[in-house]
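Some notes on the structure that comes next.
As a basis for the values below, the full set of heavy atoms in this structure was taken, side chains included, without hydrogen atoms, waters or symmetry mates.
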Amino acid sequence: MGPGQREAINQFRALISEVDEELQRTFWNVHQGYPDETLIRFLQARNWNVQAAHEMLVNCLKWRVENEIDNILAKPITPADLYRALRETQLVGLSGYSKKGQPVFAIGVGMSTFDRASVHYYLQSHIQINEYRDRVVFPAATKKRGTYVGKCLKVLDMTGLKISALSQVKLLTMISTVDDLNYPEKTETYYVVNAPYVFSACWRVVKPLLQERTRRKIQVLQGCGKDELLKVMDYSSLPHFCQREGSIGAKSCYSFDHHFHQQLYAYIREEFTKANPVGPISAGSFHVDVPEGECEKTIESELQKLGLQKGVNRCVQGIRVCDQR
């Protein structure tokens, strides 16, 4: 790190020390005892422009306060059958750790359907996993490693991907927006595996929606990617779909019965009990404000360029977010 970057951190530290007490409290939940490392993440996200990084972090802290993000891990998604339905249709899980001690998250992009609950539940679940990662998984990995661990690896499984997946792009863009603005630089590398032919078409649609810094982190691997992934993680940490070509086994880390989701769900219920020792768990989703984008127009334009609009017009016209349970 050069003297210019060290000076940027010092300036940023001085600026953030001036925010009010409420924002300072939520900032602790963001940095978890590593404030400089957190400031560096936001500086990296804004190309080391101190003023832009300061504005980004302050907006993040305000978003957390306004949407009660500090309390989201005390908001169980109930009943348990609903949470199980989310796990069956929003495929994500912790498969293990890299050789550098980084959590490895598996994401079933191609097989996720997002069709068993409202958008609010899916967004709530995504943010809860983010917060659990930041407040529980990263600190545990840091303690075990003996050095700071603040980034993860993500393996994106494209098995089953179809053009019809574009009908969920609004929800996916909302999730991406939340991550870009409030959880920047938390992923070191995105590995794309099991990419079917249609992936290249979908990638041309989705790519313009991603931040440049995100695009630079994406590696598209051949087949299931096992050989490349074994360079950064042990076999035991490979997601089930990478252990052999086309594998979709019973040991899926997506499942509600997997120990990661069992621990996460138990943690959230315990946090609820601490906050509400005599109150019953009430049903209902946790609404979070997310800026809306122009993704529908982008998709329609890109499909026209690709010559794919014939036959998928209904898909584009049907782009919407399911708001019914």
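- A salt bridge is defined here as a Lys NZ or Arg NE, NH1 or NH2 lying under 4.0 Å from an Asp or Glu carboxylate O, and Glu131 with Arg135 meets this definition.
- Every residue meeting the ring-ring contact (aromatic ring centres under 6.0 Å, His included) condition with Tyr132, not counting sequence neighbours, appears here in chain and number order: Phe260, Tyr267.
- A single hydrophobic cluster is not seen to contain both Leu39 and Tyr148; linkage of ILVMFWY side chains at heavy-atom distances under 4.5 Å, directly or through other members, places them apart.
- Of the inter-residue distances, the one linking Leu264 atom CG with Arg269 atom CZ reads 12.5 Å to the nearest 0.5 angstrom.
- The shortest non-hydrogen separation linking Val104 to Ser237 is CG1-O, 4.3 Å.
- Taking NZ of Lys154 as the reference point, atom CD of Glu188 lies at 13.0 Å (rounded to 0.5 Å).
- Listed by chain and number, the residues in a side-chain hydrogen bond (donor to acceptor under 3.5 Å, both in side chains) with Asn10 are Arg13 (sequence neighbours excluded).
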task: Go through Ile107 and Val155 one step at a time and tell me if the side chain to side chain contact (heavy atoms under 4.5 Å, CB included) criterion holds.
output: CA-CA 6 Å; Ile107 302 174; Val155 185; over 6 Å; no

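- When all heavy atoms are compared, the tightest approach of Ser95 to Cys253 is CB-SG, 4.1 Å.
- Counting only distance, with no hydrogens or angles, the side chain of Thr26 and the backbone of Glu22 share no donor-acceptor pair below 3.5 Å.
- With hydrogens and angles ignored, the 3.5 Å screen pairs a side-chain donor or acceptor of His261 with a backbone N or O of Val92.
- Here CD1 of Ile127 is found 4.0 Å from CG of Leu123. Values are rounded to the nearest 0.5 Å.
- Looking only at side-chain heavy atoms (C-beta outward), Gln124 and Val288 stay at 4.5 Å or farther from each other.
- In this structure, the side chain of Asn67 engages the main chain of Asp289 through a donor-acceptor pair within 3.5 Å.
- Rounded to the nearest 0.5 angstrom, Leu94 CG and Tyr97 OH are separated by 5.0 Å.
- For the pair Gln44 and Pro184, the minimum side-chain heavy-atom distance is 4.5 Å or more.
- The main-chain N or O of Tyr254 is found under 3.5 Å from a side-chain atom of Ser252 such that the two form a donor-acceptor pair.
- Note on Tyr34: it does not cluster hydrophobically with Val136, by side-chain heavy-atom contacts below 4.5 Å among ILVMFWY residues.
- Screening Arg41, Arg46, Lys151 for a salt bridge (Lys or Arg N to Asp or Glu O under 4.0 Å) involving Glu185 leaves a single residue, Lys151.
- Judged purely by atom type and a 3.5 angstrom limit, Lys217 uses its side chain to pair as donor or acceptor with the backbone of Thr187.
- Leu91 contributes atom CG, which lies 3.5 Å from atom OG of Ser112 (distance to the nearest 0.5 angstrom).
- Under the 4.5 Å side-chain heavy-atom criterion for grouping Ile, Leu, Val, Met, Phe, Trp and Tyr, Trp28 is not connected to Leu57 through any hydrophobic cluster.
- At a threshold of 4.5 Å between non-hydrogen side-chain atoms, the residues Phe256 and Asp81 do not count as touching.
- Between Glu37 and His31 there is no side-chain heavy-atom pair separated by less than 4.5 Å.
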Derivation and outcome, side-chain hydrogen bond (donor to acceptor under 3.5 Å, both in side chains), residues Glu55 and Gln51: CA-CA 6 Å; Glu55 180 182 0; Gln51 292 299 327; over 6 Å; no

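- Smallest separation of non-hydrogen atoms from Ile16 and Val19: O-CG2, 3.1 Å.
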query: Between Ser236 and Asp234, does a side-chain hydrogen bond (donor to acceptor under 3.5 Å, both in side chains) hold up when you go through it step by step?
result: CA-CA 5 Å; Ser236 61; Asp234 294 331; 5.1 Å; no

message: Assess the residue pair Arg25 and Asp70 against the criterion (salt bridge (charged side-chain N to carboxylate O under 4.0 Å, His left out)); give the C-alpha distance rounded to whole Å, side-chain angles, the decisive distance to 0.1 Å, and a yes or no.
response: CA-CA 9 Å; Arg25 284 197 299 270; Asp70 288 346; over 6 Å; no

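- Cluster annotation: Val220 is connected to Phe105 through the hydrophobic network of ILVMFWY side chains, with a link wherever side-chain heavy atoms come within less than 4.5 Å.
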message: Run the side chain to side chain contact (heavy atoms under 4.5 Å, CB included) test on Asp179 and Ile175 for me, step by step, so that the C-alpha distance in whole Å, both residues' side-chain angles and the decisive distance to 0.1 Å come before the verdict.
response: CA-CA 6 Å; Asp179 286 352; Ile175 288 174; 4.2 Å; yes

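- The two residues Leu229 and Val193 come nearest to each other via the heavy atoms CD1-CG1, 4.4 Å.
- One N or O on the side chain of Gln128 and one on the backbone of Lys75 form a donor-acceptor pair closer than 3.5 Å.
- Cluster note: Tyr197 groups with no other residue, as no ILVMFWY side-chain heavy atom lies under 4.5 Å from it.
- Checking side-chain atoms of Ser98 against main-chain N and O of Lys100 turns up a donor-acceptor pair under 3.5 Å.
- Closest approach of Gln243 to Leu238, counting heavy atoms only: NE2-O, 3.4 Å.
- Side chain of Gln32 to main chain of Asn29: a donor-acceptor pair is present (N/O by atom type, distance under 3.5 Å, no hydrogens or angles).
- In this structure the side chain of Leu172 reaches within 4.5 angstrom of the side chain of Phe114, judged on heavy atoms.
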field: Worked verdict on Phe42 versus Cys60 for side chain to side chain contact (heavy atoms under 4.5 Å, CB included)
entry: CA-CA 10 Å; Phe42 280 83; Cys60 166; 4.1 Å; yes

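- Pairs passing the side-chain hydrogen bond (donor to acceptor under 3.5 Å, both in side chains) check and including a residue from residues 84-93, sequence neighbours excluded, read Tyr83-Arg87, Arg84-Asp257, Arg87-Gln90, Arg87-Ser125, Glu88-Arg116, Thr89-Tyr122, Gln90-Ser125.
- Between Tyr235 and Leu230, the closest side-chain pair of non-hydrogen atoms falls below 4.5 Å.
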- prompt: Please walk me through it: do His54 and Phe12 pass side chain to side chain contact (heavy atoms under 4.5 Å, CB included)?
  reply: CA-CA 7 Å; His54 176 253; Phe12 197 1; 3.9 Å; yes

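- Side-chain atoms of Asp20 come within 3.5 Å of backbone atoms of Leu23 as a donor-acceptor pair (strictly under, hydrogens ignored).
- At least one side-chain heavy atom of Asp134 sits less than 4.5 Å from a side-chain heavy atom of Lys186.
- Within 6.0 Å of NZ in Lys99 there are more than 12 heavy atoms belonging to other residues, nucleotides or ligands.
- Separating the NE2 atom in His120 from the CD1 atom in Ile77 is a distance of 12.5 Å, to the nearest 0.5 Å.
- Panel note: side chain Asn71, backbone Ala74; no donor-acceptor pair is recorded below 3.5 Å.
- Using a 4.5 Å cut-off between side-chain heavy atoms of Ile, Leu, Val, Met, Phe, Trp and Tyr, Phe138 falls into a hydrophobic cluster with Val149.
- Taking 4.5 Å as the limit, some side-chain heavy atom of Trp63 sits within range of a side-chain heavy atom of Val178.
- With sequence neighbours left out, the side-chain hydrogen bond (donor to acceptor under 3.5 Å, both in side chains) criterion links Thr189 to no other residue.
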